[in-house]
Colleague: 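Structure below; questions to follow.
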Amino acid sequence: MNHSALIWLALPSLLISPAAAQQGRGPTAQHGLEPSGWFGEVSDRIARDEYHYSPVDSAADTWSAPSRAQDLRSRVSAKGIELTPRTADVSDPSAQWKLTLATTRFGRVDSSFELAAANVTAADERVELAHGPLSEWFVNDKRGIDQGWTIPRPPAGAGPVWIGLEVDGDLCLRIDTGARSATFVDADGATRVRYTGLMAFDATGRELVAWLAPSPNGVGIAVDDTNAKYPLTIDPLLSGPAWTAESDQADAYFGIAAATAGDVNGDGFSDVIVGADAYDNGETDEGRAFVYLGSATG
């Protein structure tokens with residue numbers, strides 16, 4: 001008899017059986033917690049822990065973490081952040097692609113200066129780089145890798161504040177219309193990384209005008225700090241390519257409902273089911289459910 005299979009089958013019933021907990025059995029009732037609260041807390045902790053940074057090179061003070069939701073893996077050091085596909089080893093030269101972003105300059109658009117090497121600290125899903133006149137952070141979660149900077153005081157000079165990023169690797173930068181977001185594409189033009197959600201705020205919470213601009217070594221973020229109260233916070237997001245789908249039928253209400261479909265084809269990856277309740281399929285507004293199969297790449 002395969003005892004390991006029996007153990008595997010028994011564990012889920014132990015964790016998710018509210019009836020047993022309400023009858024005084026199991027850890028939930030023993031500790032006096034509501035079943036949903038106990039299970040929710042454990043589930044949330046497990047999900048968060050997966051996004052925590054772990055040291056990969058203590059000598060170089062380098063930290064690495066996966067993002068399953070975005071299919072990305074990041075490695076952060078004093079040299080900046082390096083991104084690859086989640087299942088690739090960032091130190092493997094055969095990785096499908098690599099992207100490196102390093103904050104190298106700070107000041108004003110017309111008078112920036114080179115930053116010294118940063119000091120690195122890490123805790124759980126957050127890594128911070130202390131650059132001196134500004135601090136940079138990365139927070140890894142399901143949304144992607146949240147990159148941000150805190151500027152404690154205004155740099156000398158006039159004109160918009162400037163943060164210069166050096167871009168290296170296999171991807172090309174394309175700044176979107178409006179200069180508030182960008183994509184990094186491979187040689188075939190496929191989007192691999194999205195750079196979105198650029199926001200800037202002063203100490204009072206007032207939103208400041210911020211935009212992306214190309215630079216000789218990559219890209220920069222400019223912020224109009226006119227009458228701003230310091231410190232400033234600047235906060236874009238690095239994420240994987242967005243997945244899109246459509247029903248190819250007008251007024252079908254495609255996407256009115258969406259949920260996990262479990263693992264329909266038994267390949268070990270979660271699948272998605274999307275409803276279109278007004279889809280015409282032989283009869284008017286008959287409705288249809290679309291199932292999309294997940295994979296190692298999303």
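Everything numeric in this text was worked out from a predicted model, so none of it was measured.
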Colleague: Drop me the distance from I175's CD1 to T183's OG1, to the nearest 0.5 angstrom.
Modeller: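 It comes to 9.5 Å.
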Colleague: At their closest point, which heavy atom of A116 faces which heavy atom of H131, and how far apart are they?
Modeller: O-ND1, 4.3 Å
Colleague: Roughly how far, to the nearest 0.5 Å, is the CD atom of Q70 from the CG atom of D141?
Modeller: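 One gets 8.5 Å once the value is rounded to the nearest 0.5 Å.
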Colleague: So, do R75 and T62 sit near enough that their side-chain heavy atoms are less than 4.5 Å apart?
Modeller: yes
Colleague: Decide if atom CZ of R206 counts as having more than 12 heavy atoms of other residues, nucleotides or ligands within a radius under 6.0 Å.
Modeller: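 Counting neighbours around CZ of R206, more than 12 heavy atoms of other residues, nucleotides or ligands fall under 6.0 Å, so yes.
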Colleague: Do R108 and W162 come close enough that some side-chain heavy atom pair is under 4.5 Å?
Modeller: no
Colleague: Please tell me if the side chains of V161 and F106 come closer than 4.5 Å, counting only heavy atoms from C-beta onward.
Modeller: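 Side chain of V161 against side chain of F106, heavy atoms only: contact under 4.5 Å found.
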Colleague: Answer yes if L134 and V127 sit in the same cluster of Ile, Leu, Val, Met, Phe, Trp and Tyr residues linked by side chain heavy atoms under 4.5 Å apart, and no otherwise.
Modeller: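 The answer is yes; both residues are in one hydrophobic cluster.
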Colleague: Specify the closest pair of heavy atoms between V109 and A222, including all atoms of both residues, with the distance to one decimal.
Modeller: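 Shortest heavy-atom contact: CG2-CB, 4.1 Å.
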Colleague: Verify whether the ring centers belonging to F138 and Y53 lie closer than 6.0 Å.
Modeller: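 That pair fails the under 6.0 Å test.
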Colleague: Answer yes if L212 and L173 sit in the same cluster of Ile, Leu, Val, Met, Phe, Trp and Tyr residues linked by side chain heavy atoms under 4.5 Å apart, and no otherwise.
Modeller: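 They do share one cluster, since a chain of ILVMFWY contacts under 4.5 Å joins L212 to L173.
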Colleague: If we ignore hydrogens and angles and just use 3.5 Å, is the side chain of N217 paired with the main-chain N or O of E166 as donor and acceptor?
Modeller: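 Such a contact is absent between N217 side chain and E166 backbone.
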Colleague: Minimum heavy-atom separation for Y253 and A278, please, with both atom names.
Modeller: CD1-CB, 3.6 Å
Colleague: Report whether L83 and L237 are members of the same hydrophobic cluster (ILVMFWY, side-chain heavy atoms less than 4.5 Å apart, transitive linking).
Modeller: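 The answer is no; the residues belong to distinct hydrophobic clusters.
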Colleague: How long is the straight-line distance from CG of L129 back to CH2 of W137, given to the nearest 0.5 Å?
Modeller: 11.5 Å
Colleague: Any side-chain to backbone donor/acceptor pair from D285 onto D277? Under 3.5 Å, distance only.
Modeller: no
Colleague: Tell me, do D170 and D186 make a side-chain contact under 4.5 Å, heavy atoms counted?
Modeller: no
Colleague: For the residue pair I234 and L198, establish whether any side-chain heavy-atom pair is separated by less than 4.5 Å.
Modeller: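 Yes. Closest side-chain heavy atoms under 4.5 Å.
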Colleague: Roughly how far, to the nearest 0.5 Å, is CD1 of I221 from OG of S215?
Modeller: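 Answer for the OG-CD1 pair, S215 versus I221, is 11.0 Å.
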Colleague: Remaining members of W211's ILVMFWY cluster at a side-chain heavy-atom cut-off under 4.5 Å?
Modeller: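 V209, listed by chain and number.
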Colleague: Should V272 and F290 count as side-chain neighbours, where that means a heavy-atom distance under 4.5 Å?
Modeller: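 Result no, sub-4.5 Å side-chain heavy-atom pair not found.
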Colleague: With a 6.0 Å cut-off (strictly less than), is the heavy-atom count around CD of E114, excluding the residue itself, greater than 12?
Modeller: no
Colleague: Please answer whether the main-chain N or O of D280 pairs with a side-chain N or O of R288 as donor and acceptor at a distance below 3.5 Å.
Modeller: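 The answer is no, because no donor-acceptor pair under 3.5 Å joins these two groups.
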Colleague: Apply side chain to side chain donor-acceptor pair (under 3.5 Å) to residues D235 and T233 and explain how you reach the verdict.
Modeller: CA-CA 6 Å; D235 192 11; T233 301; over 6 Å; no
Colleague: Mark yes or no for whether S64, through its side chain, and S74, through its backbone, hold a donor-acceptor pair below 3.5 Å.
Modeller: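 Confirmed, S64 side chain pairs with S74 backbone.
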Colleague: Tell me, with the steps shown, if L208 and D224 meet side chain to side chain contact (heavy atoms under 4.5 Å, CB included).
Modeller: CA-CA 6 Å; L208 307 176; D224 183 353; 5.9 Å; no
Colleague: Of all heavy-atom pairs between T191 and R194, which one has the smallest distance, and what is that distance?
Modeller: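 So the minimum-distance heavy-atom pair works out to CG2-CG, 3.9 Å.
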Colleague: Is the shortest heavy-atom distance from the side chain of E82 to the side chain of R73 under 4.5 Å?
Modeller: no
Colleague: Give the cluster check for V223 versus F113: same hydrophobic cluster or not, with ILVMFWY residues linked at side-chain heavy-atom distances below 4.5 Å.
Modeller: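 Shared cluster, yes.
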Colleague: How close do D176 and A182 get, heavy atom to heavy atom, and via which atoms?
Modeller: OD2-N, 3.5 Å
Colleague: With hydrophobic residues grouped by side-chain heavy-atom distances under 4.5 Å, do V185 and V219 end up in a single group?
Modeller: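 They do not share one cluster, since no chain of ILVMFWY contacts under 4.5 Å joins V185 to V219.
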Colleague: Quick check for you: to the nearest 0.5 Å, what is the distance between D263 atom CG and T260 atom OG1?
Modeller: 9.0 Å
Colleague: Looking at every non-hydrogen atom in both residues, tell me the closest pair between R192 and L171 and how far apart they are.
Modeller: CB-CD1, 3.7 Å
Colleague: Hey, could you give me the NZ/CD distance between K142 and E50, rounded to the nearest 0.5 Å?
Modeller: 8.5 Å
Colleague: Does this structure show an ion pair linking D71 with R86, if we count only N-O contacts that are shorter than 4.0 Å?
Modeller: yes
Colleague: List the atom pairs, donor and acceptor, that lie under 3.5 Å between side-chain atoms in residues 144-156 and the rest of the protein, sequence neighbours left out.
Modeller:
from : atom 1 : to   : atom 2 : distance (Å)
Q147 : OE1    : Y195 : OH     : 2.6
Q147 : NE2    : E136 : OE2    : 2.9
W149 : NE1    : T103 : OG1    : 3.1

Colleague: So, do V167 and L101 sit near enough that their side-chain heavy atoms are less than 4.5 Å apart?
Modeller: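 The answer is yes; the side chains approach within 4.5 Å.
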